[in-house]
Structures are given as C-alpha cells and as structure tokens.
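FYI, the numbering just counts along the sequence from 1.
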Amino acid sequence: MPRLFVALDLPPELKAAVRSLQFGLRNARWLDDAGLHLTLAFIGEVDGSIVERVEGALAEVEADPIRLELHGLGCFPGRGDPRVLWTGAAPKAEPAALAADVTRALRRAGVAPKRRRFTPHVSLVRFRRPPPRIDLERYLSVHSLFRSPVCEVASFHLYSSILHPSEARYTIEATFPLERNDR
C-alpha cells in the first residue's frame with residue numbers, strides 16, 4: 001500500500017540554501033533534494049482505490065501561488081532528544097491556509113489525513129542517535145540567523161514514500177497548480 005502525503009516541493013534556490021546548512025553534525029542523516037519539501041498533510045497508508053479519490057479531491061483545491069522564505073532552525077520533538085532538525089517557513093499564513101484547504105478537500109472525499117499541529121517547516125536532517133548536546137547547541141548558534149531568498153511556489157504535489165532502513169524514497173504521484181484566482 002502506498003504511503004501518501006501532500007507537500008510543496010522547494011524551488012532550486014531554496015534547496016540550494018538548505019544544502020548550505022547540511023554539514024557539521026555527527027549522527028546526522030541529511031535529507032537529499034527529494035526529501036526537501038514542506039508537508040501540508042500526511043495521509044498515511046491507503047489502498048490503491050483511494051488514490052484516485054485523493055487526486056480528485058486535490059484537483060479541487062484553489063489557491064494562489066505562495067511566496068516562501070525559509071528561516072531559523074528548530075528541533076523535533078521540542079523536549080528530550082532531538083530526532084529532526086528543521087528550518088521554518090515564512091510567512092506562516094499562506095502555507096497554513098493551503099494546508100487547511102487540502103485537509104478540507106480530503107475530508108470531503110472521505111479521506112482523513114493524520115491530525116497533526118501544522119508547523120510550516122522543512123526537515124534538514126534526521127538523527128540516527130542524538131548528536132552531542134554541545135555540538136547541537138553550537139550548530140544552532142552558528143546558523144540561528146539563517147534566511148533563504150524569497151521564492152514563489154506555484155504548485156503542490158501528492159507524494160508517495162517508501163521507507164527503507166537508511167532513507168525514505170519519495171515519488172511525486174501528481175502535481176496541482178497554484179493559480180491566481182478571483183477569490
């Protein structure tokens with residue numbers, strides 16, 4: 001069964017900015033270009049018959065292109081040993097509104113995405129084991145003022161992923177344009 005999610009792919013300029021951060025931490029599994037995306041909704045595992053409903057629902061979503069900037073760093077979870085290092089996205093309102101539109105469209109189609117508090121971010125690294133605290137604190141301090149260029153994102157995608165012990169493999173299953181409309 002495919003494992004599905006909906007996300008914004010990053011334009012090349014944003015991927016290049018993110019790659020400039022991907023060094024200097026032990027126990028890190030840095031994400032490659034295919035893994036650099038901003039998740040709008042995680043659907044999870046579905047059988048093949050539902051994929052068509054998902055695509056139909058996503059085709060109904062109308063939203064304007066998003067001007068996106070990445071900035072700052074954080075870790076998930078917020079307490080305890082970090083498993084993910086991420087950079088935030090701004091402004092938050094546009095990706096949050098698109099995520100809400102996507103979630104509503106999926107629910108209307110009878111597909112319930114996983115409930116998660118939406119924090120617009122792009123994961124940079126997954127830790128096999130937590131890095132030494134002093135190394136992480138130093139890394140966060142050095143890169144705390146990170147800012148990418150502002151780029152327009154003109155589409156969102158339905159992705160499938162296959163989890164492997166060393167990495168996840170992502171495939172774009174369908175693309176949906178963000179077109180200016182008269183709302």
Side-chain angles (χ1 to χ4, degrees), residues 2-44 54 58 61 63 65-78 82-99 102-103 113-114 116-131 135-136 139-140 142-178:
R3 185 175 176 260
L4 301 178
F5 64 96
V6 181
L8 299 174
D9 189 21
L10 301 184
E13 301 87 351
L14 293 183
K15 287 183 179 182
V18 165
R19 280 193 304 274
S20 75
L21 296 170
Q22 292 183 314
F23 67 93
L25 283 172
R26 289 183 275 179
N27 306 326
R29 189 174 69 213
W30 301 102
L31 296 171
D32 63 13
D33 278 3
L36 299 176
H37 53 259
L38 191 155
T39 301
L40 300 168
F42 182 77
I43 300 167
V54 168
L58 296 176
V61 173
I66 295 173
R67 293 189 50 79
L68 195 62
E69 175 186 42
L70 303 176
H71 67 89
L73 298 173
C75 294
F76 290 133
R83 291 186 309 235
V84 174
L85 174 68
W86 53 266
T87 182
K92 293 180 180 181
E94 287 83 355
L98 180 57
V102 163
T103 297
K114 305 291 184 212
R116 295 181 177 171
R117 187 173 140 248
F118 183 73
T119 302
H121 72 281
V122 175
S123 296
L124 305 174
V125 64
R126 298 192 190 284
F127 295 110
R128 291 180 180 94
R129 293 183 317 277
D135 291 353
L136 182 58
Y139 183 91
L140 293 172
V142 166
H143 298 290
S144 65
L145 298 178
F146 168 73
R147 277 196 128 51
S148 75
V150 176
C151 294
E152 186 170 280
V153 179
S155 60
F156 67 97
H157 308 280
L158 174 64
Y159 283 82
S160 64
S161 65
I162 299 173
L163 301 179
H164 294 278
S166 62
E167 66 182 10
R169 294 208 181 102
Y170 303 101
T171 303
I172 293 176
E173 300 294 339
T175 298
F176 306 93
L178 295 171

[atom1]/[X] to [atom2]/[Y] distance, rounded to the nearest 0.5 angstrom?
{"X": "L136", "Y": "C75", "atom1": "CG", "atom2": "SG", "result": "4.5 Å"}
{"X": "I66", "Y": "C151", "atom1": "CD1", "atom2": "SG", "result": "13.0 Å"}
{"X": "F127", "Y": "R29", "atom1": "CZ", "atom2": "CZ", "result": "11.0 Å"}
{"X": "L36", "Y": "S123", "atom1": "CG", "atom2": "OG", "result": "9.0 Å"}
{"X": "R169", "Y": "D32", "atom1": "CZ", "atom2": "CG", "result": "10.0 Å"}

Exercise for review: Can you sort out the partners of R147 under salt bridge (charged side-chain N to carboxylate O under 4.0 Å, His left out), two or more places apart, ordered by chain and number?
Suggested key: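 If we apply the salt bridge (charged side-chain N to carboxylate O under 4.0 Å, His left out) test to R147, skipping adjacent residues, the hits are E69.
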Could you give the side-chain donor-acceptor pairs of residues 84-98 under 3.5 Å, partners two or more places apart or in another chain?
unit_1: T87; atom_1: OG1; unit_2: H71; atom_2: N; d: 3.4
unit_1: T87; atom_1: OG1; unit_2: H71; atom_2: O; d: 3.4
unit_1: T87; atom_1: OG1; unit_2: G72; atom_2: O; d: 2.8

Is there a side-chain contact between [X] and [Y] in this structure, where contact means two heavy atoms from C-beta onward sitting under 4.5 Å apart?
{"X": "L73", "Y": "Y139", "answer": "yes"}
{"X": "P11", "Y": "E152", "answer": "no"}
{"X": "L10", "Y": "L70", "answer": "yes"}
{"X": "L158", "Y": "I43", "answer": "yes"}

**Study point:** All side-chain contact (heavy atoms from CB on, under 4.5 Å) counterparts of A17, not counting sequence neighbours
**Key:** F146, S148, P149
For [X] against [Y], the heavy-atom pair lying closest together:
{"X": "P77", "Y": "P82", "result": "CD-CA, 4.2 Å"}
{"X": "L178", "Y": "P65", "result": "O-CG, 3.3 Å"}
{"X": "L40", "Y": "F156", "result": "CD1-CB, 4.1 Å"}
{"X": "A28", "Y": "V125", "result": "CB-CG2, 3.2 Å"}

Review point. For I172, does the CD1 atom sit with more than 12 other heavy atoms under 6.0 Å from it, leaving out its own atoms?
Key: yes
Practice item. Any side chain to side chain donor-acceptor pair (under 3.5 Å) involving residues 10-25? Give me the pairs, sequence neighbours left out, ordered by first then second residue. Key: D9-K15, R19-D33
Check your understanding: Under the salt bridge (charged side-chain N to carboxylate O under 4.0 Å, His left out) rule, what pairs show up with a residue in residues 118-127, not counting sequence neighbours?
Key ->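 Checked against salt bridge (charged side-chain N to carboxylate O under 4.0 Å, His left out) - neighbours excluded - no pair reaches residues 118-127.
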Practice item. Using the ring-ring contact (aromatic ring centres under 6.0 Å, His included) rule, collect all pairs that involve residues 5-25, keeping only residues at least two apart or in two chains. Key: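 Sorted result for residues 5-25: F5-H37, F5-Y159, F5-Y170, F23-H143.
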